[in-house]
K.L.:
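Below is the structure I would like to discuss, written out as structure tokens.
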Amino acid sequence: MAAASIMPPNARQPLPATARNPNAPASDSQRQRDATLPSLHSLFLRAVNPSRPSSWSAAVADLVSSGDPVAALAAFAAALRVNPAALRPALPPALRAAAAAASLAAGRQLHLLALRSGLFPSDAYSASALLHMYHHCSRPLDARRAFDEIPAPNPVIVTAMASGCVRNNFVYPALAIFRSMVASDCAGAVDEAAALVALSASARVPDRGITGGIHALVTKIGLDGNVGVANTMLDAYAKGGGSDLGAARKLFDMMERNVVSWNTMIALYAQNGLSAEALGLYSEMLNVGGGVRCNAVTLSAVLLACAHGGKIQTGKRIHNQVVRMGLEDNVYVGTAVVDMYSKCGKVEMAWKAFQKIKEKNILSWTAMIAGYGMHGYGQEALEVFSEMRMSGLKPNYITFISVLAACSHAGLLNEGRYWYDSMKNEFGIEPGVEHNGCMVDLLGRAGCLDEAYGLIKEMKVKPDAAMWGALLSACRIHKNVELAEISAKRLFELDATNSGYYVLLSNIYAEAGMWKDVERMRVLIKTRGIEKPPGYSSVELKGQTHLFYVGDKSHPQHKEIYAYLEKLLDRMREAGYVPNTSSVLHDLDEEEKESILRIHSEKFAIAFALMNSVEGSVIHIIKNLRICTDCHRAMKIITTLTGREIIVRDMQRFHHFKAGLCSCRDYW
DNA sequence: GTGAATAGCT
């Protein structure tokens, strides 16, 4: 939003329709507003009685709430010219306009006006609006300075100050203000608004016990029955110190609930990766929620759960609901749909949903770039990125992670190098650990191991486990034992309990025929008590998720699945499939078991899916670890033998198997 | 002065 100058008022252009620079490029929202301007203009002319100051202030306030703060500031300027008495009632909404436009310049002029006219610090309305303005212009220290000049701030002003502190991430000062309110002992100072601010601050601090303390206080003053307060408390329990989802749920079960309560609890589950709980609560909301209806917020949260859990069938159902409710163009919902389809393996559906979003923001574009990226469609990701820049949006830190990850998944070495340099030089964003991680991965897999190692050594940020892990993986591909040992040493320092690194190094030794070192690793794993998280795969069938572990016998159909798999393996061998022994060490700790039990979970999952799914339908498998070379080759052969299409989502990307080929072109 | 939602490296 452009900074608006309100002093001196332009005598020729006092009205909203002419307040904007006609040469400035119009955004979509701008154009939309322009279409409604003639009526707004006439309405404004009719509504304002120039001789009545309150009429002016109402007009200014209306323009702010209708989303046109620039026009509101122009109206304020016009008001002052016509009737100086309008200052007192119109100054607070004008300050809100400056806040909404994030125009510090306009805000400062209004501050000056408030001082000259004596409205600040004596007028409480102007004072709270002034604090609000500075906080919304990201000037918390200016707000603080103004706050300290107010001799006896009333509870509204104090709450406004605390709220602004939270907004600017000054969470502890906000809590201190709240404490002083409690201590000041003036009855009634802590009301609903103050409690909400305190709880939203509590949701952002790691200190345990703060939410519980506020809860006790809120109960004492009888605000615990307030649904709004209780809703915010859910968030505070789950996100603040202790991250106590259980406490949130306990409160949820006891309290009076409205749609925000349901949405909050569902979102908390979804954000914490508890997809089943989120989806379960969603159906509970629809069935026994006491008539609450889902809205855009509900659907965004539920879509996140689907994305996380890879629930494509449920996700499609929710998408239908989105269409029925006419929410496809909503930027929150639309972005969540894009993310859901991408993470459920349907990137072309993601693209269709993306095009339906009316006012795409940086998150929408980034979700689409990341979506193409995780499917290995690097060129498409870069095209979307270029389109985004042409639309006038500036890429941010996360956008560049997505761009570089897309390059790395597709092996686009030159493009990755180019954008890595460009983010610094052209966009002024200093590469963080994530960007460097992508580059190490990209360089390493392309075989530029020394360059990757050099990057780690010279970069400004401290390398993390992901980065050394990427280098270690690259060392396996390019069979570099020496650098693998360096990487592994760092990894063991950073995260000594992660079994994956031990197995990876062990495999590198095995492939180099260094059996003594393989044995050394085996002993090391035993003595350090490293436990390997079980590998599992899941398949969704008729909305139900079926889980398969390595050597799993718990599935009711396990005998049939095993028999089917044996026959399938026979056919695969006839077609030239030779089990790849280099992946055997993934199951280092399974060595004593029967060979059949060492069959990777995705093979059980694929057998189960082939047996039970509709002929010709695409099979979706989700795996918690990275797919191994052997399973990758097996999948390709299975698509040739059965004519089926298989989409595997592993820990880091998607593999689309079709007619004997994989979309990753064996680069992963 | 006040509550819920969307994007990211291994």
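Chain letters run A, B, ... following the sequence lines, proteins first, then strands; residues in each count from 1.
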K.L.:
Tell me what Q652(A) touches on the nucleic acid: a base, only sugar-phosphate, or nothing, going by heavy atoms under 4.0 Å.
P.N.:
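If one applies the 4.0 Å heavy-atom cut-off, Q652(A) turns out to touch the sugar-phosphate alone, with no base involved.
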
K.L.:
Indicate, with a heavy-atom threshold strictly under 4.0 Å, whether L304(A) touches base, sugar-phosphate, or nothing.
P.N.:
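Sugar-phosphate only.
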
K.L.:
Should the heavy atoms of other residues, nucleotides or ligands under 6.0 Å from CZ of R293(A) be counted, would the total exceed 12?
P.N.:
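It does not: R293(A) CZ has 12 such atoms or fewer within range.
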
K.L.:
Determine the minimum heavy-atom distance between P395(A) and R389(A), stating which atoms define it.
P.N.:
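Reported closest heavy-atom pair: CD-CG, 4.2 Å.
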
K.L.:
Centres of the W365(A) and F385(A) rings: under 6.0 Å?
P.N.:
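W365(A) vs F385(A): aromatic centres not under 6.0 Å.
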
K.L.:
Determine the contact category for H135(A): base if any of its heavy atoms lies under 4.0 Å from a base atom, sugar-phosphate if only primed atoms, P, OP1 or OP2 are that close, otherwise nothing.
P.N.:
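The answer is nothing, as H135(A) stays clear of every strand by at least 4.0 Å.
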
K.L.:
Within the structure shown, what part of the strands sits under 4.0 Å from N258(A) by heavy-atom distance: base, sugar-phosphate, or nothing?
P.N.:
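N258(A): base contact, heavy atoms under 4.0 Å.
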
K.L.:
Applying a 4.0 Å non-hydrogen cut-off, can you work out what S128(A) is touching in the nucleic acid: base, sugar-phosphate, or nothing?
P.N.:
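It contacts nothing in the nucleic acid.
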
K.L.:
Once you apply a heavy-atom cut-off of 4.0 Å, does K360(A) come out as touching a base, just sugar-phosphate, or nothing?
P.N.:
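Contact class for K360(A): none.
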
K.L.:
Would you classify T232(A) as touching base, sugar-phosphate or nothing, given that sugar-phosphate means primed atoms plus P, OP1 and OP2, and contacts are heavy atoms under 4.0 Å?
P.N.:
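Contact class for T232(A): sugar-phosphate only.
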
K.L.:
I'd like to check the side chain to side chain donor-acceptor pair (under 3.5 Å) partners of T159(A); sequence neighbours left out, ordered by chain and number.
P.N.:
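Side chain to side chain donor-acceptor pair (under 3.5 Å) check on T159(A) returns nothing, list empty.
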
K.L.:
Using a cut-off of 4.0 Å on non-hydrogen atoms, how would the nucleic acid contact of D191(A) be classed: base, sugar-phosphate, or nothing?
P.N.:
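If one applies the 4.0 Å heavy-atom cut-off, D191(A) turns out to touch a base.
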
K.L.:
Going by an N to O cut-off under 4.0 Å, is there a salt bridge joining R417(A) and E451(A)?
P.N.:
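Result for this pair is yes, salt bridge flagged.
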
K.L.:
With the threshold set at under 4.0 Å for non-hydrogen atoms, list the residues of residues 395-403 of chain A touching DNA chain B in residue-number order.
P.N.:
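Correct list: N396(A), Y397(A), I398(A), I401(A), S402(A).
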
K.L.:
Do K394(A) and F427(A) meet the cation-pi criteria used here (NZ or CZ under 6.0 Å from the six-membered ring centre, within 45° of the axis)?
P.N.:
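Here K394(A) fails the 6.0 Å and 45° test against F427(A).
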
K.L.:
Select base, sugar-phosphate, or nothing to describe what A193(A) touches, counting heavy atoms under 4.0 Å on all strands.
P.N.:
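Contact class for A193(A): base.
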
K.L.:
Going 5' to 3' along DNA chain B, which nucleotides are the first and last within contact of chain A (any atom under 4.0 Å from a heavy atom)?
P.N.:
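Terminal contacting nucleotides, 5' to 3': dG1(B) to dT10(B).
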
K.L.:
For residues W262(A) and F252(A), establish whether the separation of their ring centroids is below 6.0 Å.
P.N.:
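They qualify: ring centres under 6.0 Å apart.
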
K.L.:
Using a heavy-atom cut-off of 4.0 Å across all strands, would you classify A195(A) as base, sugar-phosphate, or nothing?
P.N.:
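Here A195(A) touches no strand at all.
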
K.L.:
Classify the nucleic acid contact of A470(A) as base, sugar-phosphate or nothing, counting any heavy atom under 4.0 Å across all strands shown.
P.N.:
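Sugar-phosphate only.
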
K.L.:
Do the ring planes of F400(A) and W419(A) sit parallel (below 30°), tilted (30 to 60°) or perpendicular (above 60°)?
P.N.:
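Because their plane-to-plane angle lies in the 30° to 60° range, the rings of F400(A) and W419(A) count as tilted.
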
K.L.:
What's A370(A) touching, base or sugar-phosphate or nothing? Going by heavy atoms closer than 4.0 Å.
P.N.:
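The answer is sugar-phosphate, as A370(A) gets under 4.0 Å only of primed atoms, P, OP1 or OP2.
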
K.L.:
What class does the angle between the rings of Y502(A) and F492(A) fall in, given that below 30° is parallel, 30 to 60° is tilted and above 60° is perpendicular?
P.N.:
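It falls in the parallel class, under 30°.
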
K.L.:
Counting the atoms with a prime plus P, OP1 and OP2 as sugar-phosphate, which does R490(A) contact under 4.0 Å by heavy atoms, base, sugar-phosphate, or nothing?
P.N.:
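Here R490(A) touches no strand at all.
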
K.L.:
Base, sugar-phosphate alone, or nothing: which one does V440(A) contact when heavy atoms must sit under 4.0 Å apart?
P.N.:
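Here V440(A) touches no strand at all.
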
